[in-house]
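One structure below.
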Amino acid sequence: MSANVRAPRGTHDVLPDDAARRAVVEDAAARILGAAGYRRIETPAFEATELFARGVGASTDIVQKEMYTFEDGSGRSLTLRPEGTAPVCRAYIEHGMQKLPQPVKLWYLSSFFRYERAQAGRQRQFWQVGTEAIGSADPALDAESIVLLADLLDALGVRELRLRLSSLGTPETRAAYRAELQAYLRAHAERLSEEVRGRIDSNPLRAFDADHSGTREVMQGAPLLLDRLTGEDAEHFAQVRALLDEAGLTYEVDPTLVRGLDYYARTVFEFTSDALGAQSGVGGGGRYDGLIEQLGGPATPGVGWAAGIERMLLAADAQAVGEPVVDLFVAYAGAEHRAAGFQIAHEARRAGLAAQLELAGRSLKGQLKQADRIGARYVAILGEEGATVKEMDSGEQVVVEPGGVIHHVLRGRTL
RNA sequence: GUGGGCGUAGCUCAGCUGGUAGAGCUCCUGGUUGUGGUCCAGGCGGUCGGGGGUUCGAGUCCCCUCGCUCACCCCA
């Protein structure tokens, strides 16, 4: 390894070409979510550690081993945000948004941080676009939320998408089911993998995801949460499904769908793309009706999702991003004309043109080459006879007064 | 944290059984004493990831280490 400093593991520079593709994502999100009444919010990049410990759940991998936690100068424990829902809920409480018309619909596009081993589609600093709709338990809100994500993924051309859907019930149902599942797992403990056995207390639901053959056999006969939903929860789920059906969305009900954060209740969903590698989830979310209360606010329902920018782009057809337009490149035949060129380039920009000036001391030949590379439509060459304005496509050129360059280009632009 | 693969110029790569480094592309200059896209010539650019060992000699062999990458785990 060379002695040069590199970007830390799991981080990367967003270079100009990539930044242009991201701008497409941001524009699509702003358009689609804005049309549905969502307004942008941005929360701090770091928060009190306690927010995530309480909000995300102490037993989750995120809290147990993936947080970037540090002390600031006064000894406060802070953590780089590993996800977006808890911070937005914190902001909802802190700013008294329960006094606004409900639901409060918010979206964000921010970076998040998790200390994990990087691989394709998984970075230590990653970007997500996400929504949170807080203050209503209406199943229409769940369905609308899912449809919005589907629209965004569709607009971006994300390939080979699949939507999985389930319901976790209310916290009470979930707790009762959890006890039932734990009892079942304990009864078959000897056939379970060591890892799953060790998680019976902390996260029994995850047993459904195990690859271990003995565990899989046991899970074939395990009780399913979907079968234990109360009448209200079952009805809520049925209404979400009916609305999605009506919207023409294809999905698969997967009773084993488990999301890795503790705050989910009732509806949960995840979009995956088979065009991706092992990290196939492009976006997912669900309802978190108990979270606001958990964080010290009034009992308030909410639903939201997050989608990974890097993963959406990986799974999307490479969309050609248009080259930036350059109206004018100002070249000069000798250094004594540089000051005049500087002024013309500046004035051209004030007149609304995209204008660039030779800035590297190239030979005239090199300057024309540069103008060609950046796709300039006109080049103004300043010299003894005045300004030679050359139209690059045709190669035609005319000599004008230096003060007439901008007028000439402006006229040509409308042709 | 655990495995597999890979580390030679900015990029893509070559370098045979060890003899001390090359090509293409890019960039700059010149051919055209003031003019692009083609062509020709030249130039810039590498302690061959790092350290140690074997050897008269290591980019080539051995050991260690760091990094990148894919996967496990988990998620966006």
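Chain identifiers are assigned alphabetically (A, B, ...) following the order of the sequence lines, protein sequences preceding nucleic acid strands; residue numbering begins at 1 within each chain.
Look at A:R122 and A:E116 and you find a salt bridge, because one of the NZ, NE, NH1 or NH2 atoms lies within 4.0 Å of a carboxylate O, short of that distance. Salt-bridge check for A:E217 with A:R191: passed, with a basic side-chain N closer than 4.0 Å to an acidic carboxylate O. The residues A:D18 and A:R22 are annotated as salt-bridged, a charged nitrogen and a carboxylate oxygen being separated by less than 4.0 angstrom. Taking the charged nitrogens against the carboxylate oxygens, A:R164 and A:E270 do have a contact shorter than 4.0 Å, which makes a salt bridge. Between A:R40 and A:E26 a salt bridge is recorded (basic side-chain N to carboxylate O distance below 4.0 Å).
A gap of 12 Å separates the P atoms of B:rC40 and B:rU26, to the nearest Å. B:rG34 and B:rC27 have their P atoms separated by 23 Å, with the value rounded to a whole Å. Nucleotides B:rU65 and B:rG5 place their P atoms 16 Å apart, quoted to the nearest Å. Atom C1' of B:rA14 sits at a distance of 27 Å from the matching atom of B:rU54, rounded to the whole Å. For the P atoms, the distance linking B:rU2 with B:rC61 amounts to 27 Å, nearest Å.
A:R9 comes within 4.0 angstrom of sugar-phosphate atoms only, judged by non-hydrogen atoms across all strands, and of no base. A:K365 comes within 4.0 angstrom of a nucleotide base, judged by non-hydrogen atoms across all strands. When heavy atoms are screened at a 4.0 angstrom cut-off, A:G334 is found touching no nucleic acid atom at all. In this structure, A:A120 reaches the sugar-phosphate backbone alone: every heavy-atom distance under 4.0 Å involves primed, P, OP1 or OP2 atoms, never a base. Across all strands shown, A:L261 has heavy atoms under 4.0 Å from sugar-phosphate atoms exclusively, and none from any base. Residue-level contact check: A:E66 touches the backbone only, with heavy atoms under 4.0 Å from sugar-phosphate atoms and none from bases. Residue contacts for A:G130: at a heavy-atom cut-off of 4.0 Å it reaches no nucleic acid atom on any strand shown. Nucleic acid contact class of A:E384 (heavy atoms, under 4.0 Å, all strands): base. Looking at heavy-atom distances under 4.0 Å, A:R114 makes contact with a base. Nucleic acid contact class of A:E310 (heavy atoms, under 4.0 Å, all strands): none.
Counting non-hydrogen atoms of other residues, nucleotides and ligands closer than 6.0 Å to CZ of A:R216 gives a total of 12 or fewer.
Side-chain atoms of A:K390 come within donor-acceptor range of the base of B:rU35, with a qualifying N/O pair under 3.5 Å. With hydrogens and angles ignored, a donor-acceptor pair under 3.5 angstrom links the side chain of A:E116 to the base of B:rA76. For B:rU35, the base has no donor-acceptor partner in the side chain of A:Q367 [N/O atoms by modelled type, under 3.5 angstrom]. A donor-acceptor contact under 3.5 Å is not formed by the side chain of A:Q119 with the base of B:rC68. Side-chain to base pairing of A:T388 with B:rG34: one donor and one acceptor N or O lie within less than 3.5 Å of each other. Looking at A:R122, its side chain comes within 3.5 Å of the base of B:rC73 through a donor and an acceptor atom. Contact of A:R117 with B:rU2 (side chain to base): a donor-acceptor pair of N or O atoms is detected under 3.5 Å. Side-chain atoms of A:E385 and base atoms of B:rG34 include a donor and an acceptor less than 3.5 Å apart.
If you check B:rG67 for Watson-Crick or wobble pairing at under 3.5 angstrom, you find it paired to B:rC6. When both distances must be under 3.5 Å, the Watson-Crick or G-U wobble mate of B:rA58 does not exist. The nucleotide B:rG36 finds no pairing partner, because no Watson-Crick or G-U wobble arrangement with both distances shorter than 3.5 Å includes it. Pair check for B:rA41 finds B:rU29; Watson-Crick or G-U wobble, both atom distances under 3.5 Å. Of the nucleotides present, B:rG1 is the one that pairs with B:rC72 by Watson-Crick or G-U wobble criteria, both distances under 3.5 Å.
Remark: ring of A:F126 stacked against base of B:rA76; centroid gap under 5.5 Å, plane tilt under 30°.
Once rounded to the nearest 0.5 Å, the distance linking OG1 of A:T300 with CG of A:L291 reads 10.0 Å.
In this model, the phosphate group of B:rG34 is not approached by any side-chain N or O of A:R362 to a distance below 4.0 Å at OP1 or OP2.
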